[in-house]
There are 2 protein chains.
Amino acid sequence: MGVRVSSANSLTVEDLGSAAQRDRRKRILDATIALASQGGFDAVQMRAVAERADVALGTLYRYFPSKIHLLVSALQREFERTELALRDRPIEGDTTAERVITVLKRTTRGMQSDPKLTEALTRAFMFADSSVAAEIHQVGMLLTAMLTRAMYPTGHDEVTEEDVQVARVIGDVWLSALVGWVTGRTNAAETGQQIEVAVKLLLRD
Amino acid sequence: MGVRVSSANSLTVEDLGSAAQRDRRKRILDATIALASQGGFDAVQMRAVAERADVALGTLYRYFPSKIHLLVSALQREFERTELALRDRPIEGDTTAERVITVLKRTTRGMQSDPKLTEALTRAFMFADSSVAAEIHQVGMLLTAMLTRAMYPTGHDEVTEEDVQVARVIGDVWLSALVGWVTGRTNAAETGQQIEVAVKLLLRD
DNA sequence: GCTAAAATAGGAACACGTTCCAGTTTGCCG
DNA sequence: CGGCAAACTGGAACGTGTTCCTATTTTAGC
């Protein structure tokens, strides 16, 4: 099982393959999101995804070696979109804490507007084992990047080690809160509060 | 489906049933722990648990309605034992932060000494949905109780709302760290550091 | 354009969580 | 003790994630 390298780009880590392959990959992820959005984790059935993406089951498994890989990859794509959208307009808030809370609440609200999808993606994320480490790590990086950007909105280059640590801790709390919400242990308001508490405790300057 | 109430104890929430039932329950949980300890989440197969506990498959499902319930119940029992063991000897450390770190690292070390078991229990915990809310909540309470006790080892009665909040945030970080370790994204040292960072940030008095 | 290699389609087969059922045993009440 | 309801056994059966196989189609190199 060697690593395939496409001829066009030797610099990017991702090998997106031919146009047909990109298209299949997109169709598969679209189908995944659609099914997840409609019925959550359980509704993302591999046969259903394959059929909806107009792809054979074996092909689906060639692109994504497991249901968890599939869902985490979908999460990654969604997260990249969110992150890009956030980058557009400036972040409101005078203090660091306020800005971080703004960003997190906005993101959380976005997720809560599609609960089934969020449930599917979050459960996959939390259930992932070491074989999905690469994708998970990528998502984690996106999250801390999002948070440090909220802390220093003006392209400040003073991101200290402690800042990154704080961002990671906040990310951890956010994840736990999300899991609590997804699994029905807390409601939306409590989730928001949980994040707010953590941020205020960590960013009380 | 009515609530069954045993004749002997009307005050406790848990109805432990007859001695035979308690015995079966114990055998099942023992089998679960043994299998998890040996092969992790995947090795805890319902047929295998039933066989090892010398119980029919249907009986297993009568006691625990799903694999997740089973594993979370096992986690609960293990956690109660840990918590009891911790209660015995006093907690070392002069500052609040030191004591909390001591407790968490000791617990973490205990879990890391049986990685497969920890993997099984943690994954079940993170995958649980709202039908397991009661058990999950119980575990969460145990964790915060453990942490607040570490913060005020002398039976201090001054546990403020903020203390509980801090304990919860630390618990969240600990869980995230555990998930990271279980899924192979971080090693034992990094896990310990992650907790230490969070505690020091939150308890810097 | 031809050919070998890779990718895909279509679908059978297997594993394990879960459900269900018929028959048997156990526990309890009179 | 006799009888009845609940619990238990043993095992079949079903759904869905995953694997595997063969025939067909697409792609890449000459």
Side-chain angles (χ1 to χ4, degrees), chain A residues 1-8 15-28 31-32 35-36 39-74 120 123-124 127-129 131-132, chain B residues 1-8 15-28 31-32 35-36 39-74 120 123-124 127-129 131-132:
Chain A
M1 228 191 304
V3 174
R4 209 158 39 85
V5 176
S6 79
S7 50
D15 178 11
L16 295 172
S18 69
Q21 283 173 332
R22 266 199 308 278
D23 191 51
R24 272 205 181 76
R25 190 185 148 89
K26 179 182 182 316
R27 286 209 311 273
I28 291 172
T32 303
L35 288 169
F41 187 87
D42 291 339
V44 181
Q45 300 184 358
M46 300 305 269
R47 290 171 180 85
V49 172
E51 190 177 358
R52 183 155 188 152
D54 203 30
V55 139
L57 189 55
T59 306
L60 172 53
Y61 273 94
R62 158 176 278 273
Y63 279 78
F64 301 96
S66 77
K67 175 170 173 171
I68 299 295
H69 276 86
L70 173 60
L71 281 166
V72 172
S73 297
R123 307 224 9 229
F127 199 62
D129 65 357
S131 72
V132 209
Chain B
M1 223 190 305
V3 174
R4 207 159 40 83
V5 175
S6 79
S7 51
D15 177 10
L16 294 172
S18 68
Q21 283 172 334
R22 266 198 308 280
D23 191 52
R24 272 205 182 78
R25 191 185 147 88
K26 179 181 183 315
R27 285 210 311 273
I28 291 173
T32 303
L35 288 170
F41 187 88
D42 291 341
V44 181
Q45 300 184 357
M46 300 306 269
R47 290 173 180 85
V49 171
E51 191 178 356
R52 182 155 190 155
D54 202 29
V55 139
L57 189 55
T59 305
L60 172 53
Y61 272 95
R62 157 176 278 275
Y63 279 77
F64 301 96
S66 77
K67 174 170 174 173
I68 299 296
H69 277 85
L70 174 60
L71 281 167
V72 172
S73 298
R123 294 185 71 192
F127 199 63
D129 64 358
S131 73
V132 209

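Throughout, a chain's letter reflects where its sequence line sits, starting with A, and its residues are numbered from 1. All values below were derived from every heavy atom in this structure, side-chain atoms included, with hydrogens, water molecules and symmetry-related copies excluded. If you're wondering where the values come from, they're calculated on a predicted model, not measured in any experiment.
- Nearest-nucleotide positions on DNA chain C place A/D54 closer to the 5' end than the other of A/R47 and A/D54.
- In this structure, the nucleotide among D/dA7, D/dG17, C/dT19 sitting nearest to the side chain of B/Q21 is D/dA7.
- For A/K67 and C/dG17, the NZ to C1' distance is 13 Å, given to the nearest whole Å.
- Atoms CZ (B/R24) and P (D/dA6) sit 17 Å apart, rounded to a whole Å.
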inquiry  = Test side-chain contact (heavy atoms from CB on, under 4.5 Å) on A/R25 and A/F64; report intermediate values, then the result.
reply    = CA-CA 9 Å; A/R25 190 185 148 89; A/F64 301 96; 3.6 Å; yes
request  = Verify side-chain contact (heavy atoms from CB on, under 4.5 Å) between B/M46 and B/L70, making sure each step is shown before the conclusion.
outcome  = CA-CA 9 Å; B/M46 300 306 269; B/L70 174 60; 4.0 Å; yes
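- For B/A56, taking side-chain heavy atoms from C-beta onward, the closest of the listed nucleotides D/dG10, C/dC16, C/dG10 is D/dG10.
- Atom NE2 in B/H69 sits roughly 16 Å away from atom P in C/dG17 (whole-Å rounding).
- Contact between the side-chain N/O atoms of A/Y63 and the OP1/OP2 oxygens of C/dT8 is found at a separation under 4.0 Å.
- Rounding to whole angstrom units, CE of residue B/M46 and P of C/dT18 are separated by 6 Å.
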Criterion side-chain contact (heavy atoms from CB on, under 4.5 Å) on B/V49 and B/K67, from CA distance to verdict = CA-CA 10 Å; B/V49 171; B/K67 174 170 174 173; over 6 Å; no
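- Taking the side chain of B/S66 as heavy atoms from C-beta on, and the options C/dA9, D/dT9, C/dT18, the nearest nucleotide is C/dT18.
- Between the P atom of C/dG11 and the CG atom of A/L60 lies a distance of 16 Å, rounded to the nearest Å.
- Atom P of nucleotide C/dG17 and atom CG of B/L35 are separated by 11 Å, given to the nearest angstrom.
- When the side-chain nitrogen and oxygen atoms of A/T59 are compared with OP1 and OP2 of C/dA7, none of them lie within a distance under 4.0 Å.
- Along DNA chain C, the nucleotide nearest to A/G58 and the one nearest to A/R62 differ in position, and the one closer to the 5' end is contacted by A/R62.
- Atom P of nucleotide D/dT18 and atom CG of A/D129 are separated by 10 Å, given to the nearest angstrom.
- Taking every side-chain heavy atom of B/L57 into account, D/dA12 is the closest of D/dT16, D/dT9, D/dA12.
- Heavy atoms of A/V44 sit under 4.0 angstrom from primed sugar atoms or phosphate atoms, though from no base atom.
- For the residue pair B/A120 and B/L71, the shortest heavy atom distance occurs at O-CD1, 4.1 Å.
- Following rounding to the nearest Å, B/L70 (CG) and C/dT18 (C1') show an atom-to-atom distance of 13 Å.
- In this structure, A/F41 and B/F127 have side chains that are in contact, with non-hydrogen atoms separated by less than 4.5 Å.
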